[in-house]
Amino acid sequence: MFSDIYDFRYIEQKWIESFSRYTLSNDEIKRSKGKKYYVLEMLPYPSGKLHMGHVRNYTIGDVVSRYKKMLGFAVIHPMGWDSFGMPAENAAIKDGGHPKLWTNSNIQNMKEQLKPLGYMYDWEREISTCSEDYYSKEQKIFLDLYKAGLAYRKKSYVNWDPVEQTVLANEQVINGKGWRSGAEVEKKMLDQWSLKITDYAEELLSGIEDLKGNWPEKVLKMQENWIGKSEGALINFEIYEDLRKLSVFTTRPDTIFGASFLALSPDHEISRELATLSKEVADFIFCCKKGATTEEALEKNEKNGIFTGLHAKHPVIKGGKIPIYIANFVLIDYGTGAVFGCPAHDERDFDFAKKYDLPIIPVIESKEDLPYIGDGGHINSEYLNGMNIEEAKSYMITQFEELGIGQRRTTYRLRDWLISRQRYWGCPIPIIHCKKCGIVPADLPVLLPDDVNFNGKGNPLANHPNWKYVKCPICGIEALRDTDTLDTFFESSWYFMRYLDSKCDDPINKEISDIAMPVDICIGGIEHAVLHLLYARFFMLALHDMGYLNSKIPFRSLLTQGMVCHKSYKDSDGNWVYPDEIVKTKDGKIIDRDGRNVFEFSFEKMSKSKKNTVSPQKIIDSHGADAVRMFMVSDTPPEKDFDWNTDALDGALRFLNKVWKVFGKIHDKMKNDASGDDSLIKTTHVYLKKIKTSYESISLNKAVALIRELFNEIESRLSSESATSLKFAFESFIKILYPVTPYICHEIWELFKKKELLQNETWPEIDEALASADFVNMAIQINGKLRGTFEIEKDSEDSVIKSKTLELILGKVLEEDIKKIIIVKNRVVNVVV
RNA sequence: GCGGAUGUGGUGAAAUUGGUAGACACGCAAGAUUUAGGUUCUUGUGACGUGAGUCGUGGGGGUUCAAAUCCCUUCAUCCGCACCA
């Protein structure tokens, strides 16, 4: 029955169940013969509440999925939960519940909240990374990485987050602070597990080339910088009256004749050794460590050093003596932890030389002040004199190699990925430490014990009364489990392959993965540019090399959607105020419910603490899921930040209301089988073509704009067009609107008395002949300025266009003044006078 | 400091990649219907003239018959990295 009123509550309730039954079996993937399309939205952390950022992310993914399905692709569209991690453990510490219960109930809640939005997820494929099934498969991957030499244990300085009480990977330290806790990160010497991502530095870098065009340039640039390749030389300096050699990495071997000091990191082994001999050195090193992390010291950039009393032999100047310092600006974990200083051509070295009164020897000619960083001819450099930087570099490296004191060397900024975490709620590292046998792989699975106490200090797993005490699987003597768990980014590095067969006994079903991988489009936030997105690329290369699957690329294309932003408000005391608690007065003032003044603070990402969030639930209740979905993809391109605007949300609902009404009118007209024009058929084909192009490039805001245009065309011709023409136009319109607003479209489709469900329909066929216009509107310009337009048959001869133009402009210009007429077919005529 | 991006009406944004700038919306204004208001409909809406003319895509300069688009320069905002040798 057709009702005049667009009752979205009724309609959405009616179709909701059929939308949650989308499945695509692996047999169907196999039968697709490569015509598959894998849409992946980055899996959410089950915090318990769905927020607008999720809604935007998943709506974009769902529109793409539904569109691709209409085109006949076997669409793989799974969803799951990134369910290990700190918040569950913190909740347990605070409220006493168990992380497992907290997490699972959050997952249930979020699933319920997702349901009304009508996403076509294949829930058969659902995974939760904290499930025993998932993490025991992950343990197998870990052991394989270990056997392949890619997972290793090493004692080294690590980033310690004092709030989370655990170590962090380099990628998780932002400006010296923990990425989640925001706490000042400390350096600690610990024995930890790492993955050899550095083995793949070159491949990760060269792989960027293949992603260009399909990944945002920005993400690729960030990864490139993060990997930070630099080419140069390793020089081994001899130390006077010492048997050791001091090895130094430099990108500027050509400046060796300008070297006036060597500097060691305070953590360099020679520094540490000297510290045991001299209190002065020990004090200096202590100060460096204390001061190095404070904001102030970093800002001042002050160079401090202490002379070691040692000298190195200059490698190419006979009898040359170079003093060796320990300096605060030398990093232990880059290059070799030692540098040579050439003050004339490096800013840091210059500052240091000034402070400690060291010689500043220019070796590159320049009229500018020192330090001079640019290119130029070498001076004071014997055989290098006259050469430019590039020439001198390679000449010098050859020279070092011939003399046996150095060699060509490439260094990367990328460090190995530290994966141990001193936390309970994660995947246990399946390793047993035996005094006799050393590191021994544990029998799988290694399950988390449920009976843990969160009240104690430190890692609850380590504190468990008996969990860690086991017998060595090899020799049988008393041994200890590794009580650390894996970084949760480990889980998110391979989940998109587990989706493909979430019940497989092996971690990854190779047969299906070889068909379904790589993911065709991955949609998520840009905050993972050098975290998840780099780790996932690394995992693919490693898994490929271990024979898990053929693909070396996780995501063929990547869409980084922008944040959902909203105005935030503060009262005069600086407290945040909820937007729905404010009132705008007639004279432009903003007040809260108690009448006190409130100020617009800024426009920023929705967040709980700023009180500027909008609950998806609320707006679905008031406007319906279709309106919310449409609103999320209209107006703003997916990759840009989205400004929350309630008026535009109302606009989406208003549009759907109009669609409903116009459908009613067409429905009536069809009953009477009215006659009239059929020009709308052609118009429809023109739009079908344009809209498909917009969907293809995921320019969903443009697609929506064009859909609205087509709708306006239909609406304006309701009375003049024939019933058949209107029916064709409107049915096509419903099909192309469907990926955005599936509920209303399904309802209308059914009311058109269609037997087949709309979601099983295919994209309307485009008649190319009809889709191209017969007539075009051409512009007339005089000296490049618009002076009028005219309509003319498409692809008209230049002579026809010319005479038409002359006819129109002769009132304005004299024929003899015309110097030139430039004709651009179907576009523009420019008359030069 | 290094690297990257962006800059178009009151707002979100389009512009077939050098060819009619502002599509599609939001907002606003006037009017109509209803009327307690919202809803709905019509018209208008870059600026200045307000007679069909001029100006206009952050500013300045250039290339071109023609520039939001290409080049040079400058300013502003945002983001990433940051003592990386």
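So you know, we letter chains A, B, ... as the sequences are listed, proteins then strands, and number each from 1.
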Applying a 4.0 Å non-hydrogen cut-off, can you work out what [X] is touching in the nucleic acid: base, sugar-phosphate, or nothing?
| X | result |
| --- | --- |
| Thr789(A) | base |
| Asn830(A) | base |
| Asn657(A) | nothing |

Does a side-chain N or O of [X] approach OP1 or OP2 of [N] to a distance below 4.0 Å, or not?
| X | N | answer |
| --- | --- | --- |
| Ser230(A) | A85(B) | yes |
| Lys702(A) | A15(B) | yes |
| Asn712(A) | A25(B) | yes |
| Arg654(A) | C26(B) | yes |
| Lys640(A) | U6(B) | no |

Given [options], the nucleotide with the shortest approach to the side chain of [X]:
| X | options | result |
| --- | --- | --- |
| Lys658(A) | C41(B), C81(B), A14(B) | C41(B) |
| Phe329(A) | A25(B), C83(B), A82(B) | C83(B) |
| Val330(A) | G12(B), A85(B), C65(B) | A85(B) |

Quiz prompt | Atom C1', compared across G31(B) and C79(B): separation rounded to whole Å | solution = 48 Å
Practice problem: In whole angstrom, give me the gap between the P atoms of U64(B) and A14(B). | Solution: 32 Å
Quiz item: Can you check the Phe790(A) CZ to G19(B) C1' distance for me, whole Å?
Solution: 13 Å
Exercise. Quickly work out the Gln781(A) CD to A67(B) C1' distance and round it to whole Å.
Key: 11 Å
